Amino acid sequence: MEDRVEELRRIRDAACRGPGDAATERQHAQGKLTARERIGLLLDKGSFTEVEQLRRHRATGFGLEHKRPYTDGVVSGWGTVEGRTVFVYAHDFRMFGGALGEAHAAKIHKLMDMALAAGAPLVSLNDGAGARIQEGVSALAGYGGIFQRNTRASGVIPQISVMLGPCAGGAAYSPALTDFVFMVRNTSQMFITGPDVVKAVTGEEITQNGLGGADVHARTSGVAHFAYDDEETCLAEVRYLLSFLPSNNRELPPVVPCADPAERPTEALVEIVPHEPGRSYDVRAVIEEVADDGEFFEVHPAWAANLVCALVRLDGQSVGVVANNPASLAGVLDIGASEKGARFVQFCDAFNIPLVTLVDVPGFLPGVGQEHNGIIRRGAKLLYAYCNATVPRISLVLRKAYGGAYIVMDSRSIGADLAYAWPSNEIAVMGPEGAANVIFRREIDAADDPDAVRERRMEEYRTALMHPYYAAEHGMVDDVIDPRDTRAVLVRSLEMMRSKHTDLPQRKHGNPPQ
């Protein structure tokens with residue numbers, strides 16, 4: 001027995017070491033950590049339990065019969081993050097370039113099934129060259145099994161993809177099916193067809209980073225939610241994100257001790273938001289003033305900056321904030337902002353995270369490009385997401401809220417549980433100038449002094465229909481609050497609704513706009 005135990009120890013040690021020091025040095029030379037080093041940074045120290053460490057492929061052709069390393073190029077198992085169970089698998093680029101084969105895929109399938117059964121988050125650390133060519137259709141089938149499990153787990157357990165190397169072809173669809181995608185600059189890329197294929201088909205020349213690098217996906221395509229300069233920071237931020245989330249859709253998000261008084265006056269808000277509707281400001285300053293200790297975790301910070309989506313804590317409770325940002329495109333809603341907001345609202349609703357919507361929106365962005373690219377159906381995604389959400393929902397009009405964009409930003413009419421406004425609010429079909437030009441067009445055109453008539457009619461419209469208490473008088477706003485009381489009002493309201501329960505009509509699933 002002792003001999004067998006010693007043999008097992010040697011095998012396990014060999015499996016942990018991987019293909020050797022030279023391969024490890026090559027990995028480090030590219031600015032990348034090994035699979036086990038990454039897992040060590042993600043999980044609490046000493047908490048990792050590995051599964052199927054001794055798994056090897058059974059392929060026999062094209063030279064694979066002479067190369068059968070333990071783990072088959074993927075390290076999988078579970079551990080803890082801040083004491084809570086998390087499942088993780090990490091491609092080992094040192095073996096087969098991290099390419100997926102039959103045994104490799106089977107390990108991932110098993111781990112995904114375990115995560116779903118245990119009701120715990122799943123984190124994938126991606127650094128692979130796609131399907132293992134030598135194993136043919138078996139490798140492709142392995143990806144199909146991953147996609148199916150990603151879809152089955154969607155909205156049940158949080159799924160986070162961390163891109164730490166290349167991810168090309170069909171492999172890119174697994175991260176796209178998960179809740180959040182993290183990338184590292186210069187070392188991670190995602191694309192369906194690489195630069196060589198692009199050049200052969202279209203004649204366009206582009207680098208891997210130019211085609212599918214971290215900043216491209218974080219700023220332009222919206223595929224990546226976060227981009228960082230190094231793996232250590234990236235994995236630390238994954239841990240931080242997990243601290244906001246429940247383990248599964250049957251739990252409430254964790255509540256952490258909070259030393260920031262719930263009733264703390266938010267004095268700075270009086271100065272942060274200008275009274276004049278046309279003046280710009282950054283809504284992140286509002287979020288910072290309201291949140292516990294001024295901390296918030298912004299999602300998609302570089303994409304569609306006219307809408308800010310962030311996870312914050314209010315009196316220790318996780319809350320999702322959606323806010324128009326006048327510092328970018330005057331805070332209008334456009335295609336990018338609508339899709340960004342819809343995805344975030346759906347995630348928060350799936351995992352029992354209450355929603356606070358901060359409204360300062362002049363309308364939808366006009367333009368031929370917006371119309372031809374589907375602002376109607378794509379803007380409807382945000383509307384659908386809010387209407388479908390059953391978590392506690394609070395909307396607060398900071399300043400202006402015009403037209404259809406006001407309705408879409410979680411207005412009372414589409415189901416917000418509580419609707420508040422500051423005394424500076426202007427809620428109307430459109431701004432006073434546009435309204436005057438429509439209603440009094442003939443009078444203005446016929447006047448000797450059109451500007452004077454327009455100004456007079458604008459003031460009449462503003463006084464009659466846009467005064468701060470008009471919406472409250474008609475039941476569209478529950479209360480007009482002092483900006484200094486914003487944090488206290490939000491905390492009290494969320495505490496009241498913490499046990500909210502809403503049943504949706506029985507159905508297989510909805511058919512949201514695409």
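Everything numeric in this text was worked out from a predicted model, so none of it was measured. Side chains are part of it too, since the values below use all heavy atoms of this structure and drop only hydrogens, waters and symmetry mates.
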Colleague: How about Leu241 and Val238: do any of their side-chain heavy atoms sit closer than 4.5 Å?
Modeller: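 The answer is no, as the side chains (C-beta and beyond) never meet within the 4.5 Å cut-off.
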Colleague: Are the side chain of Glu298 and the backbone of Cys309 linked by a donor-acceptor contact shorter than 3.5 Å?
Modeller: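 Not a single qualifying donor-acceptor pair exists.
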Colleague: Answer yes or no: is there a donor N or O on one side and an acceptor on the other, between the side chain of Asn425 and the main chain of Lys400, under 3.5 Å?
Modeller: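 No, the answer is negative, given that no donor and acceptor are paired below the 3.5 Å cut-off.
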Colleague: What I want to check is whether the side chains of Gln189 and Asn209 have a donor and an acceptor closer together than 3.5 Å.
Modeller: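 Checked: Gln189/Asn209 side chains pair up, N/O donor to acceptor below 3.5 Å.
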Colleague: Can you see which heavy atom on Ile394 is nearest to which on Met497, and at what distance?
Modeller: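 Shortest heavy-atom separation between Ile394 and Met497 comes out as CG1-CE, 3.5 Å.
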Colleague: Before you tell me yes or no, could you show the steps for Arg457 and Glu443 under salt bridge (Lys or Arg N to Asp or Glu O under 4.0 Å), namely the whole-Å CA-CA distance, both residues' side-chain angles and the distance that decides it to 0.1 Å?
Modeller: CA-CA 10 Å; Arg457 291 302 192 182; Glu443 179 184 351; 2.9 Å; yes
Colleague: What heavy-atom pair brings Ala227 and Ala214 nearest, and what distance separates the two atoms?
Modeller: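 So the two residues come closest at CB-CB, 4.0 Å.
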Colleague: Arg412 vs Asp417, test: salt bridge (Lys or Arg N to Asp or Glu O under 4.0 Å). Steps then yes/no.
Modeller: CA-CA 7 Å; Arg412 184 66 177 272; Asp417 297 292; over 6 Å; no
Colleague: Is there a side-chain contact between Leu355 and Val345 (heavy atoms, below 4.5 Å)?
Modeller: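 Yes - at least one pair of side-chain heavy atoms lies under 4.5 Å apart.
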Colleague: Measure the spacing between CZ of Arg378 and CD of Glu339 and express it to the nearest 0.5 Å.
Modeller: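 Arg378 CZ to Glu339 CD: 4.5 Å, rounded to 0.5 Å.
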Colleague: Hey, is the main chain of Ile157 close enough, under 3.5 Å, to the side chain of Asn248 for a donor-acceptor pair?
Modeller: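 Checked: no pair found.
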Colleague: Between Met409 and Leu307, does a side chain to side chain contact (heavy atoms under 4.5 Å, CB included) hold up when you go through it step by step?
Modeller: CA-CA 11 Å; Met409 288 297 293; Leu307 190 77; 4.0 Å; yes
Colleague: Donor-acceptor pair, distance only, cut-off 3.5 Å: does the side chain of Arg498 make one with the backbone of Leu494?
Modeller: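 Pair absent, no side-chain N/O of Arg498 close to backbone of Leu494.
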Colleague: Say whether, by atom type as modelled, one donor and one acceptor occur between the side chain of Thr266 and the main chain of Pro483 under 3.5 angstrom.
Modeller: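 Such a contact is found between Thr266 side chain and Pro483 backbone.
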Colleague: For the pair Asn352 (side chain) and Leu252 (backbone), establish whether a donor and an acceptor sit closer than 3.5 Å, ignoring hydrogens and angles.
Modeller: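 It does not hold such a pair.
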Colleague: Rounded to the nearest 0.5 Å, how far apart are OG1 of Thr486 and CZ of Arg264?
Modeller: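 Rounded to the nearest 0.5 Å, the OG1-CZ separation comes to 10.5 Å.
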Colleague: Please report the shortest heavy-atom distance between Val332 and Pro362, naming the atom on each side.
Modeller: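 So the minimum-distance heavy-atom pair works out to CG1-CG, 3.4 Å.
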Colleague: Suppose the criterion is side chain to side chain donor-acceptor pair (under 3.5 Å): which pairs have a residue in residues 504-514, not counting sequence neighbours?
Modeller: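 Only Asn388-Arg507 qualify under side chain to side chain donor-acceptor pair (under 3.5 Å).
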Colleague: Just so I know, are the side chains of Asp503 and His501 near enough to count as touching, which here means a heavy-atom distance under 4.5 Å?
Modeller: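 Yes, at least one pair of side-chain atoms sits under 4.5 Å.
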Colleague: Quick one about Tyr384 and Gln346 (side-chain donor to acceptor, distance below 3.5 Å, no hydrogens or angles considered), yes or no?
Modeller: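 No donor-acceptor contact under 3.5 Å links the two side chains.
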Colleague: Compare all side-chain heavy atoms of Phe344 with those of Leu311 and state whether any distance is below 4.5 angstrom.
Modeller: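 Yes, side chains in contact.
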Colleague: Go through the steps for Leu125 and Val88 under the test side chain to side chain contact (heavy atoms under 4.5 Å, CB included), then give the verdict.
Modeller: CA-CA 7 Å; Leu125 306 181; Val88 58; 4.0 Å; yes
Colleague: Run Val123 and Phe87 through side chain to side chain contact (heavy atoms under 4.5 Å, CB included) and show every step you take.
Modeller: CA-CA 6 Å; Val123 179; Phe87 286 78; over 6 Å; no
Colleague: Distance only, no hydrogens: is a donor on one side chain within 3.5 Å (strictly under) of an acceptor on the other, for Ser411 and Tyr386?
Modeller: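 Side-chain D/A pair, Ser411 to Tyr386: absent.
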Colleague: Is a donor on one side and an acceptor on the other found under 3.5 Å between the side chain of Arg484 and the backbone of Ala268?
Modeller: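 No; zero donor-acceptor contacts below 3.5 Å.
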Colleague: Check this for me: Tyr240, atom OH, are more than 12 non-hydrogen atoms of other residues, nucleotides or ligands nearer than 6.0 Å?
Modeller: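 Result for OH/Tyr240: enclosed.
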Colleague: Would you sort out whether Lys500 and Val391 count as a side chain to side chain contact (heavy atoms under 4.5 Å, CB included), showing the intermediate values?
Modeller: CA-CA 7 Å; Lys500 176 189 174 183; Val391 292; 6.0 Å; no
Colleague: Output, in order, the C-alpha distance, side-chain angles, deciding distance and verdict of salt bridge (Lys or Arg N to Asp or Glu O under 4.0 Å) for Arg239 and Asp44.
Modeller: CA-CA 10 Å; Arg239 287 176 59 91; Asp44 297 337; 3.1 Å; yes
Colleague: Work out which heavy atom in Asn325 is nearest to a heavy atom in Val283; give both atom names and the distance.
Modeller: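 Scanning both residues, the minimum pair turns out to be OD1-N, 3.0 Å.
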Colleague: Starting at CZ of Arg492, measure out to CE of Met496 and round the result to the nearest 0.5 Å.
Modeller: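 Going from the CZ atom of Arg492 to the CE atom of Met496 covers 11.0 Å.
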Colleague: Identify the heavy atoms of Leu42 and Leu235 that sit nearest to each other, and give their distance.
Modeller: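 Looks like CD1-O, 4.3 Å.
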Colleague: Under the 3.5 angstrom rule, does the side chain of Asn249 hit a backbone N or O of Ala350 as a donor-acceptor pair?
Modeller: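 Between the backbone of Ala350 and the side chain of Asn249 there is no qualifying donor-acceptor contact (under 3.5 Å).
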Colleague: Nearest 0.5 Å please: distance from the CZ atom of Phe180 over to the CD atom of Gln159.
Modeller: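 Nearest 0.5 Å value for the CZ-CD distance: 11.5 Å.
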Colleague: Going by heavy atoms in the side chains, are Met190 and Pro175 under 4.5 Å from each other?
Modeller: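 Yes. Closest side-chain heavy atoms under 4.5 Å.
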Colleague: Any salt bridge between Arg38 and Glu231, counting N to O under 4.0 Å?
Modeller: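 Yes, charged N to carboxylate O under 4.0 Å.
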Colleague: Got a sec, which residues hit side-chain hydrogen bond (donor to acceptor under 3.5 Å, both in side chains) with Thr193, two or more places apart in sequence or on another chain?
Modeller: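 Testing Thr193 for side-chain hydrogen bond (donor to acceptor under 3.5 Å, both in side chains), a comparison that skips the adjacent residues, returns none.
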Colleague: Under the 3.5 angstrom rule, does the side chain of Asn126 hit a backbone N or O of Ser124 as a donor-acceptor pair?
Modeller: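 Between the backbone of Ser124 and the side chain of Asn126 there is a qualifying donor-acceptor contact (under 3.5 Å).
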Colleague: Count the heavy atoms of every other residue, nucleotide or ligand shown that sit under 6.0 Å from CZ of Arg441, and state whether that count exceeds 12.
Modeller: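 Check fails, neighbour count at 12 or below.
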Colleague: Please test Arg454 against Asp451 for salt bridge (Lys or Arg N to Asp or Glu O under 4.0 Å), starting from the C-alpha separation and ending with a verdict.
Modeller: CA-CA 5 Å; Arg454 183 182 294 106; Asp451 291 339; 2.9 Å; yes
Colleague: Would you please indicate yes or no on a ring centroid separation below 6.0 angstrom for Phe244 and Phe351?
Modeller: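 Judged by ring-centre distance (under 6.0 Å), Phe351 and Phe244 do not meet the cut-off.
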Colleague: Side chains of Arg399 and Asn324: does their closest heavy-atom pair fall under 4.5 Å?
Modeller: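 The answer is no; the side chains never approach within 4.5 Å.
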Colleague: With rounding to the nearest 0.5 Å, note down the distance linking CZ in Arg456 to CD1 in Ile444.
Modeller: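 Here the interatomic distance stands at 9.5 Å.
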Colleague: Below 30° counts as parallel, above 60° as perpendicular, anything between as tilted: where do the rings of Phe297 and Phe182 land?
Modeller: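 It falls in the parallel class, under 30°.
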Colleague: Please check if atom CD1 in Ile376 has more than 12 non-hydrogen atoms from other residues, nucleotides or ligands closer than 6.0 Å.
Modeller: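 No, because the 6.0 Å sphere around CD1 of Ile376 holds 12 heavy atoms or fewer from other groups.
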Colleague: With rounding to the nearest 0.5 angstrom, report the CG to CG distance, Leu490 to Leu314.
Modeller: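 Separation between the atoms: 6.0 Å.
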Colleague: So Leu358 and Ile287, do their side chains get closer than 4.5 Å, heavy atoms only?
Modeller: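 Side chain of Ile287 against side chain of Leu358, heavy atoms only: contact under 4.5 Å found.
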Colleague: State whether the number of non-hydrogen atoms from other residues, nucleotides or ligands found under 6.0 Å of Lys199 atom NZ is greater than 12.
Modeller: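 No.
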Colleague: What are the two closest heavy atoms between Asp349 and Thr390, and how far apart are they?
Modeller: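 Heavy atoms only, the tightest pair is OD1-N, 2.7 Å.
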Colleague: Does Asp260 pair with Arg313 as a salt bridge, N-O distance under 4.0 Å?
Modeller: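 Salt bridge between Asp260 and Arg313, a charged N being under 4.0 Å from a carboxylate O: no.
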Colleague: Give a yes or no on whether Glu276 atom CD has more than 12 heavy-atom contacts from other residues, nucleotides or ligands under 6.0 Å away.
Modeller: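 More than 12 within 6.0 Å, yes.
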Colleague: Is Val184 close to Thr233 at the side-chain level, that is, under 4.5 Å between some pair of heavy atoms?
Modeller: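 They are not in contact (no side-chain heavy atoms under 4.5 Å apart), so the answer is no.
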Colleague: Could you tell me whether the side chain of His474 and the main chain of Tyr470 form a donor-acceptor pair under 3.5 Å?
Modeller: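 Present.
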